[in-house]
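It should be emphasised that the depicted structure is a prediction, and the values quoted were computed from it without experimental measurement. The chain is numbered in sequence order, starting from 1. Just the heavy atoms: all of them, side chains too, but no hydrogens, waters or symmetry mates, feed the values below.
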Amino acid sequence: MDEQTHERVREIIASVPAGRVATYGDIARIAGLPTPRMVGWVLREDGFDLPWHRIIRADGVPTPHLRAEQLEALRAEGVLARGQKVDLRRYRWQG
């Protein structure tokens with residue numbers, strides 16, 4: 001991924017507002033990436049200053065190894081999960 005695309009992904013993630021979520025696929029589609037895994041790579045390598053907790057899997061389930069922390073951060077913004085799953089119909093950002 002070139003630097004311009006990398007920065008575009010960061011900008012898109014940063015624009016997801018509090019109280020909303022987006023999927024890795026949503027971000028990839030907006031950025032024109034071939035796979036959502038590239039979004040995960042950006043977050044893993046360079047996402048410390050981004051609202052990473054607002055990016056979830058396509059099934060509405062947060063990242064497994066950060067699930068508790070992610071659900072807590074989302075809850076603080078008003079995004080309520082049923083069990084461990086976020087209702088994408090209700091909270092999905094339409095960027």
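- The neighbour count for Arg44 CZ, taken as heavy atoms of other residues, nucleotides or ligands under 6.0 Å away, is above 12.
- Of all heavy-atom pairs between Trp52 and Gly47, the closest is CD1-O, 4.2 Å.
- In this structure, Ile27 and Val16 have side chains that are in contact, with non-hydrogen atoms separated by less than 4.5 Å.
- Of the residues listed (Ile56, Asp87, Leu74), the one engaging Val79 in a side chain to side chain contact (heavy atoms under 4.5 Å, CB included) is Leu74, and it is the only one.
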Enumerate donor-acceptor pairs with a distance under 3.5 Å from any side-chain N or O in residues 6-14 to protein atoms, sequence neighbours excluded.
{"unit_1": "His6", "atom_1": "NE2", "unit_2": "Asp46", "atom_2": "OD2", "d": "2.8"}
{"unit_1": "Arg10", "atom_1": "NH1", "unit_2": "Asp46", "atom_2": "O", "d": "2.4"}
{"unit_1": "Arg10", "atom_1": "NH1", "unit_2": "Asp49", "atom_2": "OD1", "d": "3.0"}
{"unit_1": "Arg10", "atom_1": "NH2", "unit_2": "Asp49", "atom_2": "OD1", "d": "3.1"}
{"unit_1": "Arg10", "atom_1": "NH2", "unit_2": "Asp49", "atom_2": "OD2", "d": "2.8"}

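- Sorted by first and then second residue, the side-chain hydrogen bond (donor to acceptor under 3.5 Å, both in side chains) pairs involving residues 24-42 (not counting sequence neighbours) are Thr23-Asp26, Tyr24-Thr63, Asp26-Arg92.
- The number of heavy atoms from other shown groups lying within 6.0 Å of CD (Gln4) does not exceed 12.
- In plain terms, the two heavy atoms of Gly83 and Leu71 that are nearest each other are O-CD1, 4.4 Å.
- Of all the heavy atoms in Leu88 and Arg57, the pair that sits closest is CD1-O, 4.4 Å.
- Taking every heavy atom of both residues into account, Pro36 and Ala28 meet most closely at CA-CB, 3.8 Å.
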Audit row: Leu33, Val39, side-chain contact (heavy atoms from CB on, under 4.5 Å) steps and yes/no: CA-CA 8 Å; Leu33 298 175; Val39 176; 3.9 Å; yes

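- Within the structure, side-chain hydrogen bond (donor to acceptor under 3.5 Å, both in side chains) contacts touching residues 64-74 (residues at least two apart or in different chains) are Arg67-Gln84.
- Val61 and Val21 fall into different hydrophobic clusters, where Ile, Leu, Val, Met, Phe, Trp and Tyr residues are linked whenever their side-chain heavy atoms come under 4.5 Å apart, directly or through other members.
- What you find for Tyr91 and Gly19 is that their closest heavy atoms are CD2-O, 3.7 Å.
- We find that Glu77 and Arg54 are joined by a salt bridge, their nearest charged nitrogen and carboxylate oxygen being less than 4.0 Å apart.
- In this structure, the side chains of His53 and Leu66 stay at 4.5 Å or more apart for every pair of heavy atoms.
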